[in-house]
Amino acid sequence: MTTADSKTQDPAGRLLLIDGHSLAFRSFYGVPPENFVTASGQYTNAVYSFTNTLLGQIRAEKPTHIVVAFDLSGPTFRTEQYQEYKGGRAETPAEFAGQIDLIKRLLHALNIPWVTVESYEADDIVATMTARGKDAGFEVLIISGDRDSFQLVGDGVTLLYPVTSGPSKGIRRMGPAEIEEKYKVPPHLYPDLAALTGEQADNLPGVPGVGPGFAAKWLNEYGDLAGVLENQDKIKGKKGEALRENVDAVLRNRKLNRLVDDLELPITLDDMDDYGPNHDELNALFDELEFNTIRKRVSETFADREAEAAAQVDMTMGQTQSIETAAEFTAWLEVASSAIESVERATAVPTRLEDAITVFPVADTDAPEAGNAREKQLLGMMLGAGSGAAWIDLVDIQPDTEKVVGEWLSDPSSAKTVFDVKQQYKNFHARGFELAGVLEDPMLSSYVLGYIPTARRRTFTAMMEDLSEQYLRDAFPAEPSAETAVQGDLFATEPVINLEYTALVTRYIQELSYVLHQELENQEQLALLETMELPVARVLAQMELAGIALDADALADLKSHYDSHIKQATETAYSIIGHEVNLGSPKQLQAVLFEELELPTTRKLKSGYSTDAESMADLLTRINPDSDGAQFLQALGTYRDYTKLKQTVEGLGKATAADGRVHTTFQQNATSTGRLSSIEPNLQNIPIRTEEGRKIRAAFVVDPKPVDGTEYVSLLTADYSQIEMRIMVHLSQDEKLIQAYRDGEDLHRFVGSQVFGVEPEDVTSEMRAKVKAMSYGLAYGLTKFGLSKQLGVSVEEASKLTVNYFQRFGKVGRFLRNTVKDANKAGYTETMFGRRRVLADLGSSNRQRREAAERAALNAPIQGTAADIMKIAMINVHERLESEKLKTRILLQIHDELILEVAPSEEERAREILEQEMSGAVELLVPMDVQAGTGNSWHAAGH
DNA sequence: TTGTTAGCGTA
DNA sequence: GTACGCTAACAAT
């Protein structure tokens, strides 16, 4: 079976055509020559910019084929027909001399072919290649700054138009829609339009007084140029007259701007797909040109391509063997590694994965889930090794086979790769197997490399589609429709498994494993996978399986308690305005507040004015506290507070599984900073700030006798105190703040005393609150406007506060500035442990986007380092609990807090381990203070 | 049924 | 001013 079916609509390849002279000229004018001159006096600005554009487009568009066309200096068929063609052009600048030849040498070093044709222009070559590419089913991309190439644009043909100045400097991608948008005619009519208006660059005058607007109007009215000329007498006014007087010129223009697309070329498509750097030749040329920074771009650009080339694997599968006996299984494993080797790949299998078997468990999607825990009943698993595959039925498996398979699965020295290792730990656990020895998980590796699926692409298939396209350059095949498999047996009770397809899926997981593992290695990110993500996945699986117990009765009481408050508030609200209104509808609220009650308006939203809590609080300060409006707002606030709490409680109730516990899912590949996220339900946003909210935490309880048979006596919680502040202080190396933390001082009091110039004991709570807000704000990329709003002080005072702060703690300011600067340079930020976040908007010309990216760049290393530290702590806590054979287990992580369920007689030891491993997860210049507590509930354990 | 907006809970 | 996920209302189907 191959993937051919799914590829029929895909282009056979992607052909990049470059008008060499045109791009060279654009490049020349895009970069000032003064900065690019070698010791020998050779100008290189055009070469440099050309190279940059070329590499950028190779990277962005990932063409499979590339060719460059150049003009020749002699006469062309156009100059023969019209002497003045391209006449009157200014002399080529002296600085340009020789740069075309250098570009040709560059192309040679990159093994990119270039073409010229006697008495034709580069444009005609491009047109001819476009036609050839289309015939061969290719997607065609043209880089040219010549407007004549507009006529080539169409379905599957895109123009990459260099814009050398202005705000949108760079390459503009122009498809038919963009051309039509700009000129109001479809691409194929552009030459008609140009014939009418004339082309300054080619010294072709058109109809005087007729610009693109009128030309487009006429063309749209009469269909095309022929239509316009047929109807020339109908066109009134000066412009009509001018047209009639210049018909000859128009016809001449049209003749000259028609590109020739059937030239004989000395080259075919097959000669264009083998591009790539000859490193020795290229280095020699770069030495000569005195190019340095660009070298790295070359290796980066082609590292991508080489990795992709590596993935160009024939996805043909061999026979899928159904394994029944232990002997068959053992025998299959023995030949597996040779099956891996036997597949041809452009790049070798990473050494660590040479013997790795890909394990793809197949769950019964129709079976009811076990409670609300999402582990599914396993029907079997496919094992993949190169083109070989083995299916092991886990429903009707023989006991001795089961034993051998179980041993292999749990053997850490038997290397494996799986997709979504956390889910597989859970799946196998539910089936009574333990999984160990997983060295690679493409889901986690792709996350480390920056891939975060959108919410609606978080399914296995969608992620495989995305990753196969990005890393294998191959479409992930869709499962053949089940209809054919069922063959009329509509009442089949046995689930039907398409083994052929399952084997192919396994193969994709395996090839992704190789490519992603190699890519992690190339990008020096492998340690993050091996020492952090893979180990923490195991901890998370255990946590999700454990879940946390809820006191159902307490929850029910809470709900009715909240309900009565909601009822009360609702009635009050209605009685004030004299009618009912849906207090949950911002739209209806707007009508009541701003029309009926005629309250002052708040900040604008997309439609209408905001009714959020902040706006309402602000309104309350502006109106008479005894007015109807104020009373209504009070009731609304109460309604909202309690509704929110009730929804939280209801959500928890719905999420409670048969074992009386909630089993959240910790998503390990969802955040841009490296944090976890918690879904279904989200247990990372359980209220704590208000007394009423904290009651919910009291319903998270220790379950003395959970179904697993072990006894538990308490919940134990520990959180890092001010971890992000400490990280910021560590990274900034500010001596004063480091000392303050080492002395165990109240940080905000200390900072307050410095900023306000008073003794620490004289810092008022107001002062403390201000510096606290500012300290936290700093890590979020605070602005003086944001601070003034937060503190309710003037922008001037906020500004003064900031200045004072940085005067006292200059290294913090320097650190923050450097963080953004480094991010700008690299295009990404890095945590202390090397976790990266790519920020594409850093160089954006859009100020809003750029500044948002800068704030994110400020925050990512801080938040991300905290996330890394917590992951390390979790791995170590879990490891200690296991190695010391404790039954105490981790249940939840809330970013800087861990919650454990403690077994009898383990309270003291568990607390020691937790405090030790959390505070000792990393050595910083400041201590990692940890606060722990125990109790029968989450609320009671929290201090 | 699906997608978007407003609002709000957490670190 | 960073990073998340969930609910309800409402619009678009």
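Letters A, B, ... are given to chains in the order of the sequence lines, protein chains preceding strands, and every chain is numbered from 1. All heavy atoms count here, side chains included; hydrogens, waters and symmetry mates do not.
- Listed nucleotides B/dG9, C/dC6, C/dT2 differ in distance to A/Asn859; the shortest reach to its side chain belongs to C/dT2.
- In the model, A/Thr673 has no side-chain atom that pairs as donor or acceptor with a side-chain atom of A/Arg835 under 3.5 Å.
- Residue A/Ser672 has a polar side-chain atom (N or O) positioned under 4.0 Å from OP1 or OP2 of C/dC4.
- For A/Asp612, the side-chain atoms get nearest to B/dG7 when compared with the rest of C/dG1, B/dT10, B/dG7.
- If you check distances only, the side chain of A/Lys587 never reaches the base of C/dC10 with a donor-acceptor pair under 3.5 Å.
- For the pair A/Arg640 and B/dG9, the criterion of a side-chain N or O lying under 4.0 Å from OP1 or OP2 is not met.
- Applying the 4.0 Å criterion to OP1 and OP2 of C/dT2, one finds that A/Arg855 has a side-chain N or O inside that range.
- At a cut-off of 3.5 Å, with distance as the only test, no side-chain donor of A/Thr717 or A/Arg697 sits close to an acceptor on the other residue.
- Residue contacts for A/Glu614: at a heavy-atom cut-off of 4.0 Å it reaches no nucleic acid atom on any strand shown.
- Distances shorter than 4.0 Å separate none of the side-chain N or O atoms of A/Asn685 from OP1 or OP2 on B/dC8.
- The side chain of A/Gln588 sits closest to C/dC10 out of C/dG1, C/dG5, C/dC10.
- For the pair A/Glu691 and A/Lys695, the salt-bridge criterion is not met [side-chain N within less than 4.0 Å of a carboxylate O].
- Within the 4.0 Å cut-off from OP1 or OP2 of B/dA6, not a single side-chain nitrogen or oxygen of A/Gln590 is found.
- In this structure, A/Glu614 does not pair ionically with A/Arg603, as no charged nitrogen and carboxylate oxygen lie closer than 4.0 Å.
- No contact: A/Ile862 has no heavy atom under 4.0 Å from any strand.
- For the pair A/Lys567 and A/Asp563, the salt-bridge criterion is not met [side-chain N within less than 4.0 Å of a carboxylate O].
- Under 4.0 angstrom from either OP1 or OP2 of C/dT7 there lies no side-chain N or O belonging to A/Thr643.
- Considering only side-chain atoms of A/Leu605, the nucleotide from B/dG9, B/dA6, C/dT2 that sits closest is B/dA6.
- At least one side-chain nitrogen or oxygen of A/Thr783 sits closer than 4.0 Å to the OP1 or OP2 atom of C/dG1.
- A/Ala856 comes within 4.0 angstrom of the backbone, heavy atoms only, and of no base.
- For A/Arg456, whose side chain is taken as the heavy atoms from C-beta onward, the closest listed nucleotide among C/dC10, C/dT2, B/dG3 is B/dG3.
- Of the residues listed (A/Leu589, A/Thr638, A/Ile566), the one engaging A/Leu583 in a side chain to side chain contact (heavy atoms under 4.5 Å, CB included) is A/Leu589, and it is the only one.
- Regarding contacts with the backbone of B/dT10, every side-chain N or O of A/Ser678 stays at 4.0 angstrom or more from both OP1 and OP2.
- Between A/Lys644 and B/dG9, a side-chain N or O to OP1/OP2 separation shorter than 4.0 Å is absent.
- Counting only heavy atoms from C-beta on, A/Asp641 has its side chain closest to B/dG9 among B/dG7, C/dA9, B/dG9.
- For B/dG9, neither phosphate oxygen OP1 nor OP2 lies less than 4.0 angstrom from any side-chain nitrogen or oxygen of A/Arg689.
- Among B/dG9, B/dC8, C/dC10, the nucleotide with an atom closest to any side-chain atom of A/Ser585 is C/dC10.
- Close to C/dA3, at under 4.0 Å from its OP1 or OP2, lies no side-chain N or O of A/Thr671.
- Among the nucleotides B/dG7, B/dG9, C/dA3, the one closest to the side chain of A/Arg675 is C/dA3.
- When heavy atoms are screened at a 4.0 angstrom cut-off, A/Leu778 is found touching no nucleic acid atom at all.
- With B/dA11, C/dT2, B/dA6 as the choices, the nucleotide that has an atom nearest any side-chain atom of A/Pro586 turns out to be B/dA6.
- Positionally, the nearest nucleotide of DNA chain C for A/Lys789 lies more toward the 5' end than for the other of A/Gln647 and A/Lys789.
- For A/His895, the listed nucleotide lying nearest its side chain is B/dA11; candidates were B/dA11, C/dC4, C/dC6.
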